[in-house]
Amino acid sequence: MPLNKPYGDIPGTTIFDADMARKGFHLNQFCMSLMKASNRDRFKENERAYIDEWPMTAEQKQAVLDRDYNKMIAQGGNIYFLAKIFSSDGLSFQYAASTMTGVSEDDYKKMMLEGGRAPAGNLYLKEHESG
Amino acid sequence: MADLFAGIGTSHVPGIGAAVDKGMTQNDYWKPLFDGYEPAREWLAKEAPDVVIIVYNDHASAFSMELIPTFALGVAAEFQPADEGYGPRKVPTVQGHPELAWHLAESLILDEFDMTIVNEMPVDHGLTVPLSITCGQPEAWPFKVIPLCVNVIQYPQPTGNRCYQLGKAIRRAVDSFDRDLKVAIFGTGGMSHQLQGERAGLVNAEFDIAFLDDLTRNVDRLVNISHVEYMRESGSEGAELVMWMIMRGALDDDAKELYRHFHVPASNTAAGLIILENP
C-alpha cells in the first residue's frame with residue numbers, strides 16, 4: 001500500500017518524494033557531477049556526449065539540453081541538484097525561477113520586490129484553476 | 001556545567017552570503033535586511049557564547065542522492081566551507097567542538113535519537129550564511145560550532161514534533177555536560193519560499209509572522225504543523241522551518257523573545273530572524 005500524498009493538490013508544485021527520487025536518481029547524480037570543474041568543462045565542451053555517459057531517459061536528456069527546468073522536475077529532478085546546471089551556465093536562481101514561472105527575469109524580480117507571489121488563489125489546485 | 005542559554009532562528013538564503021562576500025550589504029536592495037541584523041550581532045557579541053549548535057540543511061553539497069541522513073551531527077575539529085559550484089565562500093574555516101559534539105552524539109543515541117555521526121564534511125551556505133548574518137566578516141568565527149545537518153530536501157523531512165523532541169533531547173545532553181560552557185543554538189532556514197515550479201516565488205508573510213509570534217505564544221500549534229501545511233502555506237521549501245523547532249525544543253518552555261526582524265525579499269525568500277532567551 002502506498003502512503004497517501006496529501007500534497008497532490010498544491011498548484012504548480014512537485015514534492016520531491018520517493019517516486020520522484022526513484023525517477024530522478026541518475027538525473028540528479030549527473031547534476032551533482034557538475035560540482036567538479038573538470039566535469040563542468042567536459043559538459044560545456046560537448047553537452048550531448050557528456051550527458052550520454054549517464055543512464056538517463058531520452059526525455060530527461062532532452063530536458064537538460066533544452067534547459068527546461070519544469071520538465072526536469074517532472075522527470076524527477078530536484079531543484080537543489082538542478083541548480084548545478086544553471087550555476088554551470090553562470091545563471092542565477094532568480095533567472096531559473098523566472099523560466100519556471102513563464103515570466104521574464106525582470107518581471108519575476110519585480111514580483112519578489114512587491115512581496116512575492118501572494119498565497120491567495122495559489123494554495124489549492126481547485127481555487128487556482130477557477131481563479 | 002554547560003548552559004544552553006539562548007536560541008536564534010534565522011533564514012540562510014545564499015544571496016545573503018553573496019551580498020556579504022561582495023560588499024553589497026549597504027546597497028538599496030540589501031540595506032533594509034542588514035540593518036535589521038545589527039541588533040542581533042551586537043547582542044551575540046555581548047553574550048559571547050563558547051559554542052553554537054547550528055541546525056541547518058545541506059543543499060546537495062556534502063550529501064548527494066547517495067546518502068540522505070535525516071539527522072547528521074558533525075563531530076570534527078573543523079569543517080571547511082563547501083564549493084557549491086562557484087568556489088568555496090571566502091569565510092573562515094568553521095572550528096568544531098569535538099568533545100561536546102561526541103557527548104551530544106552519545107547522549108542523543110542513548111536517549112533514542114539515532115544520529116548519523118559525521119567525522120568529515122564540508123559545510124555549505126546553510127551553515128555559513130547564519131554565521132555571516134550573526135557575526136559579519138571576522139578573521140575567525142568567534143565561537144566553536146557543532147553542525148547538525150537535517151534532511152529537508154527529500155520528502156519526508158522529519159516532522160515538526162520529532163524535531164521539537166530532538167531539541168529537548170539536545171537540551172538534556174547539554175545540561176549533562178560537565179564543563180562550564182556557554183552554549184547557544186541556531187535553527188536556520190525558511191521562512192516562506194518556493195524555488196521550483198510554476199508557483200516559485202510564493203511568500204506568505206502572514207504565515208511567517210504567526211510562526212514568529214507562536215514561538216513564544218503557542219508552541220503547541222507550531223509543533224503540530226504538518227508537512228503538507230508547511231508546503232502548501234509557506235512554499236515547498238518553507239518546510240525548512242522544522243529546523244527552527246529543534247532550536248525551540250532546546251530552550252525553556254517559557255523562553256522570551258528578545259528581538260525579531262522580518263523582511264521580504266531576500267532573493268526568492270521571506271527572511272526572518274528571532275532571538276529567544278531562557279528566563
Side-chain angles (χ1 to χ4, degrees), chain A residues 3 5-18 20-21 24-26 28-29 31-37 40 69-70 73-74 77-84 87-88 90 92-94 96-98 100-103 108-109 111-119 122-124 128, chain B residues 13-15 18 28-29 57-66 68 82-87 122 124 126 152-157 192-208 226-239 264-270:
Chain A
L3 296 173
K5 299 191 179 196
Y7 42 81
D9 65 339
I10 306 175
T13 303
T14 304
I15 300 305
F16 189 63
D17 62 8
M20 300 315 286
F25 177 72
H26 293 296
N28 290 318
Q29 292 302 81
C31 292
M32 203 67 196
S33 75
L34 299 178
M35 296 280 279
K36 277 195 187 138
R40 283 200 292 275
Y69 287 99
N70 282 336
I73 289 169
N78 173 279
I79 191 61
Y80 292 113
F81 290 82
L82 301 181
K84 317 299 180 197
S87 302
S88 298
S92 71
F93 234 118
Q94 288 207 322
S98 73
M100 290 184 269
T101 59
V103 299
Y108 182 84
K109 280 183 175 164
M111 175 184 79
M112 293 312 302
L113 278 170
E114 288 168 354
R117 186 183 305 285
N122 286 312
L123 300 184
Y124 293 87
H128 185 69
Chain B
V13 183
D28 290 348
Y29 185 91
N57 68 284
D58 178 74
H59 305 76
S61 304
F63 300 111
S64 68
M65 292 300 292
E66 274 176 33
I68 308 170
D83 182 344
E84 300 180 53
Y86 309 94
D124 74 10
V152 294
I153 291 179
Q154 176 70 59
Y155 176 88
Q157 302 81 356
S192 58
H193 65 305
Q194 175 152 336
L195 302 174
Q196 51 106 355
E198 288 148 16
R199 203 175 69 140
L202 185 93
V203 167
N204 190 340
E206 200 180 322
F207 178 96
D208 292 337
S226 64
H227 289 120
V228 66
E229 187 180 348
Y230 276 119
M231 297 184 298
R232 188 188 307 283
E233 298 285 336
S234 69
S236 48
E237 279 65 59
V264 180
S267 311
N268 299 288
T269 304

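Here is how names work: the chains are called A, B, and so on, in the same order as the sequence lines, proteins then strands, and each is numbered from 1.
- Residue A:Ile79 touches chain B through its side chain alone, counting heavy-atom pairs closer than 4.5 Å.
- Contact of B:Thr269 with chain A is made through the backbone alone, with heavy-atom distances under 4.5 Å.
- Of the N and O atoms on the side chains of B:Asp58 and A:Tyr80, not one donor lies less than 3.5 Å from an acceptor on the other residue.
- The choice from A:Lys109, A:Met111, A:Lys84 that makes the most heavy-atom pairs within less than 4.5 Å of chain B is A:Lys84.
- Residues A:Met32 and B:Phe63 come closest through the heavy atom pair CE-O, 4.2 Å.
- When heavy atoms are compared at a cutoff of 4.5 Å, B:Glu233 approaches chain A by way of both its backbone and its side chain.
- Shown here for B:Asn268 and A:Ala97, the closest heavy-atom pair between the two residues is OD1-CB, 4.1 Å.
- Contact detail for B:Asp83 and A:Met35: the closest heavy-atom pair is O-CE, 3.1 Å.
- With chain B as partner, the option from A:Glu114, A:Lys5, A:Arg40 having the largest number of non-hydrogen pairs under 4.5 angstrom is A:Arg40.
- Neither the backbone nor the side chain of B:Tyr230 comes within contact range of chain A, judged by heavy atoms closer than 4.5 Å.
- One finds the CD atom of B:Glu66 at 12.5 Å from the CG atom of A:Asn28 (value rounded to the nearest 0.5 Å).
- Both the backbone and the side chain of A:Gln94 come within contact range of chain B, each with at least one heavy atom under 4.5 Å from a heavy atom of that chain.
- A donor-acceptor pair under 3.5 Å links the side-chain atoms of B:Gln154 to the main chain of A:Phe16, judged by distance alone.
- Nearest heavy atom pair, residue B:Leu202 against residue A:Ala118, reads CD1-O, 3.9 Å.
- Between the side chain of B:Arg232 and the backbone N or O of A:Tyr124 there is no donor-acceptor pair closer than 3.5 Å.
- Here B:Gln196 is the residue among B:Gln196, B:Glu84, B:Gln194 with the most heavy-atom pairs under 4.5 Å with chain A.
- The candidate from B:Ala270, B:Pro156, B:Gly15, B:Ser61 with the greatest count of non-hydrogen atom pairs under 4.5 Å with chain A is B:Ser61.
- Only the side chain of A:Asn78 comes within less than 4.5 Å of a heavy atom in chain B; its backbone stays farther off.
- In this structure, no portion of A:Ala37 lies under 4.5 Å from any heavy atom of chain B.
- Both the backbone and the side chain of A:Leu123 come within contact range of chain B, judged by heavy atoms closer than 4.5 Å.
- Looking only at distances, no side-chain donor or acceptor of B:Glu198 sits under 3.5 Å from a matching main-chain atom of A:Pro11.
- Only the side chain of B:Glu237 has a heavy atom closer than 4.5 Å to any heavy atom of chain A.
- Nearest approach of B:Gly197 to A:Thr101, heavy atoms of both residues: O-CG2, 3.6 Å.
- With a 4.5 Å cut-off on non-hydrogen atoms, A:Ala74 does not touch chain B at all.
- Of the atoms belonging to B:Tyr29, it is side-chain heavy atoms, and not backbone ones, that fall under 4.5 Å from chain A.
- Partners of A:Tyr69 under the ring-ring contact (aromatic ring centres under 6.0 Å, His included) rule, at least two apart in sequence or in another chain, are A:Phe86.
- Heavy-atom pairs under 4.5 Å with chain B peak, among A:Leu82, A:Val103, A:Asn70, at A:Asn70.
- For the pair B:Met231/A:Thr13, no side-chain contact is recorded, criterion being any heavy-atom separation below 4.5 Å from C-beta on.
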